[in-house]
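This structure is a prediction, so every number in the text was calculated from the model and none was measured.
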Amino acid sequence: MKPDMFERPVSILVGLGFPGEIRSVMDAYRLLVDWQAPSGDAVHSVAIKACLAALRGEVEAETVRGLFVAFAERHHLLAPAMDASIPSAPPAFEIGIVPGTAVEKSLYGIKAKGDHHA
């Protein structure tokens with residue numbers, strides 16, 4: 001593995017909310033340089049400085065990864081985790097049926113009686 005590669009990529013939302021992966025210090029640096037950060041954004045500034053230090057061999061890539069994750073969290077860029085091995089949780093509530101209405105409960109939710117679409 002290259003010394004600037006992260007052990008695990010950081011999944012972020014890019015463009016119109018499409019997921020993308022930041023796999024290395026250089027990937028993180030490119031995104032941070034292109035980011036239009038307001039002045040005084042300390043998390044952005046620290047993350048860029050860490051990238052530069054890592055590219056000079058002064059800090060480990062995993063240190064940069066941690067700081068980049070902090071930046072991504074601050075700016076709501078982290079993509080939601082999509083782990084297929086974790087079963088989805090049951091709903092926190094269940095919608096009941098109101099007596100006397102033309103609605104029935106199905107395995108897939110609620111549908112109006114006579115609505116035979118899946």
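Taking Ile, Leu, Val, Met, Phe, Trp and Tyr as hydrophobic and joining them when side-chain heavy atoms fall under 4.5 Å apart, one finds Leu13 isolated, its cluster having no other members.
Legend: side-chain hydrogen bond (donor to acceptor under 3.5 Å, both in side chains) pairs involving residues 33-52, not counting sequence neighbours, sorted by first then second residue: Asp41-His75.
Residues that satisfy the side chain to side chain contact (heavy atoms under 4.5 Å, CB included) test with Glu62, not counting sequence neighbours, are Phe6, Glu7, Arg65. A search for side chain to side chain contact (heavy atoms under 4.5 Å, CB included) contacts involving Glu58 returns Ala53, Arg56, not counting sequence neighbours. Remark: Ala50 engages Val64, Leu67 in a side chain to side chain contact (heavy atoms under 4.5 Å, CB included) (not counting sequence neighbours). With sequence neighbours left out, the salt bridge (Lys or Arg N to Asp or Glu O under 4.0 Å) criterion links Arg74 to no other residue.
In plain terms, the two heavy atoms of Ala61 and Pro3 that are nearest each other are CB-O, 3.5 Å.
A distance of 4.5 Å separates CG of Leu31 from CD1 of Ile12, quoted to the nearest 0.5 Å. In this structure, Phe68 CZ and Ile48 CD1 are separated by 10.5 Å, a value rounded to the nearest 0.5 Å.
With contacts defined as side-chain heavy-atom distances shorter than 4.5 Å, the pair Phe71/Val10 does not qualify.
Here the rule is side-chain contact (heavy atoms from CB on, under 4.5 Å) with Tyr29, and of Leu32, Val33, Asp27 only Val33 fits it.
Criterion: ILVMFWY side-chain heavy atoms under 4.5 Å apart, direct or through other members. Under it, Phe18 and Leu77 are not part of a common hydrophobic cluster. Grouping the Ile, Leu, Val, Met, Phe, Trp and Tyr side chains by contacts below 4.5 angstrom, directly or via other members, places Ile22 apart from Val46.
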